[in-house]
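To keep things clear, I will list the structure first and then write my remarks on it.
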Amino acid sequence: MRVYTMMQVCEETGMTYQGLKYYCNEGLIPNVKRDGNNRRVFDERDVKWIQDLVCLKKCGMSIQEMKEYLALCLQGADTIPQRKEMLAQKQESLRASIRALEESVAYIDWKQGFYDEVLAGKRPYVSNLIRVEA
């Protein structure tokens with residue numbers, strides 16, 4: 001079985017060294033092993049779990065929520081319904097964020113089109129901020 005150092009895990013997962021150390025210190029990576037020099041080492045399963053944590057963080061999970069999720073995972077398959085509910089809530093939050101971003105992009109698209117038409121002389125410039133003489 002392959003053993004990874006902290007730096008190798010950082011390379012594999014895209015985490016910073018400080019971030020990985022923080023996750024370890026917060027107990028988010030259970031069963032952390034140490035080598036003969038007392039340095040943390042990780043196996044394939046640890047790396048896969050850390051990749052999961054990176055994804056959960058990107059999904060907007062707080063450290064506390066990740067700890068709750070981890071606690072459920074450690075209890076085994078009986079907690080799958082609770083885990084599914086946690087993920088469903090995050091999923092809905094992400095979908096709401098996507099909708100808000102799409103609305104923002106649509107506004108910028110509209111505004112860029114408006115500016116293009118003004119610059120091309122196809123429509124007069126109007127502003128909600130200043131008076132513009134026609």
Side-chain angles (χ1 to χ4, degrees):
M1 179 183 345
R2 180 166 177 201
V3 176
Y4 296 81
T5 65
M6 290 273 292
M7 289 306 294
Q8 289 169 327
V9 171
C10 291
E11 290 170 13
E12 288 284 322
T13 64
M15 286 192 77
T16 65
Y17 187 90
Q18 295 80 8
L20 180 57
K21 185 176 177 183
Y22 179 76
Y23 278 23
C24 288
N25 290 341
E26 286 295 311
L28 285 169
I29 305 164
N31 310 313
V32 173
K33 294 154 279 307
R34 301 250 179 193
D35 67 11
N37 294 319
N38 203 31
R39 290 182 291 224
R40 291 179 180 98
V41 292
F42 306 86
D43 61 25
E44 290 284 340
R45 292 175 62 185
D46 296 326
V47 173
K48 286 183 180 12
W49 172 246
I50 294 164
Q51 289 169 335
D52 289 347
L53 290 173
V54 169
C55 186
L56 294 174
K57 181 68 175 170
K58 287 179 185 176
C59 290
M61 259 196 202
S62 68
I63 296 295
Q64 185 56 43
E65 288 172 318
M66 285 191 267
K67 286 180 179 181
E68 292 168 17
Y69 186 79
L70 170 62
L72 291 171
C73 289
L74 291 172
Q75 292 176 46
D78 290 346
T79 64
I80 287 175
Q82 294 97 313
R83 287 183 262 162
K84 282 182 56 71
E85 179 58 30
M86 282 184 81
L87 294 174
Q89 289 174 10
K90 281 298 163 198
Q91 185 178 50
E92 182 49 41
S93 176
L94 288 168
R95 286 192 171 131
S97 295
I98 290 168
R99 286 190 297 273
L101 287 170
E102 287 173 341
E103 290 170 7
S104 297
V105 168
Y107 169 78
I108 291 172
D109 287 345
W110 171 82
K111 200 66 166 179
Q112 292 283 35
F114 170 78
Y115 290 148
D116 287 344
E117 289 179 6
V118 169
L119 292 172
K122 294 180 181 177
R123 76 171 359 186
Y125 177 67
V126 293
S127 172
N128 295 324
L129 299 173
I130 61 172
R131 289 197 185 279
V132 178
E133 300 301 323

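- Listed here is the closest heavy atom pair of L74 and P30: CD2-CG, 4.2 Å.
- Contact detail for D46 and V41: the closest heavy-atom pair is OD2-O, 4.3 Å.
- Side chains of Q82 and Y69: a donor-acceptor N/O pair is absent below 3.5 angstrom, by distance only.
- The CG atom of L53 lies 6.0 Å from the CD1 atom of I29; values are rounded to the nearest 0.5 Å.
- Note on E117 versus K111: no salt bridge recorded, every NZ/NE/NH1/NH2 to OD/OE distance being 4.0 Å or above.
- A donor-acceptor distance shorter than 3.5 angstrom exists from the side chain of T13 to the backbone of V9, with no hydrogens or angles considered.
- Pairs of residues two or more places apart, or lying in two chains, that qualify as side-chain hydrogen bond (donor to acceptor under 3.5 Å, both in side chains) and include a residue from residues 17-31 are N25-R40, E26-K67.
- Side-chain heavy atoms closer than 4.5 Å link hydrophobic residues (I, L, V, M, F, W, Y) into clusters, and following such links, even through other members, never connects M1 to W49.
- Under the 4.5 Å side-chain criterion, counting only non-hydrogen atoms from C-beta, L94 is in contact with C59.
- Under the 4.5 Å side-chain heavy-atom criterion for Ile, Leu, Val, Met, Phe, Trp and Tyr, M6 and V3 are members of distinct hydrophobic clusters.
- In this structure, I50 and L20 have side chains that are in contact, with non-hydrogen atoms separated by less than 4.5 Å.
- Comment: D116 does not engage K122 in a salt bridge, judged by the lack of any side-chain N to carboxylate O separation of less than 4.0 angstrom.
- Note on D43 versus R2: no salt bridge recorded, every NZ/NE/NH1/NH2 to OD/OE distance being 4.0 Å or above.
- Residues satisfying the side-chain contact (heavy atoms from CB on, under 4.5 Å) criterion with T5, sequence neighbours excluded, are M7, Q8.
- At least one donor-acceptor pair under 3.5 Å links the side chain of D35 to the backbone N or O of N37.
- Other residues, nucleotides and ligands place no more than 12 heavy atoms under 6.0 Å from the CZ atom of R131.
- In this structure, E103 CD and I98 CD1 are separated by 12.5 Å, a value rounded to the nearest 0.5 Å.
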Discussion item. For a salt bridge (Lys or Arg N to Asp or Glu O under 4.0 Å) check, start with the C-alpha distance between R83 and E65, then their side-chain angles and the critical distance, and finish with the verdict.
Written reply: CA-CA 11 Å; R83 287 183 262 162; E65 288 172 318; over 6 Å; no
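- Within the 4.5 Å cutoff, side-chain heavy atoms of M66 are placed close to those of K57.
- Distance CG/L72 to CD/E85: 11.5 Å, rounded to 0.5 Å.
- Here CD of Q89 is found 9.0 Å from CE of M61. Values are rounded to the nearest 0.5 Å.
- To the nearest 0.5 Å, the span separating CZ on R95 from NZ on K90 amounts to 14.5 Å.
- Between W110 and F114, the ring-plane angle classifies as parallel under the 30° and 60° cut-offs.
- Side chains of F42 and C24 form a contact here, defined as non-hydrogen atoms less than 4.5 Å apart.
- Heavy-atom neighbours of K33 NZ from other residues, nucleotides or ligands within 6.0 Å: above the threshold of 12.
- Minimum heavy-atom separation, L28 to I63: CD1-CD1, 4.0 Å.
- Between L56 atom CG and L87 atom CG the span is 7.0 Å, to the nearest 0.5 Å.
- Cluster membership for Y115 and V105, using ILVMFWY side-chain heavy atoms within less than 4.5 angstrom, is not shared.
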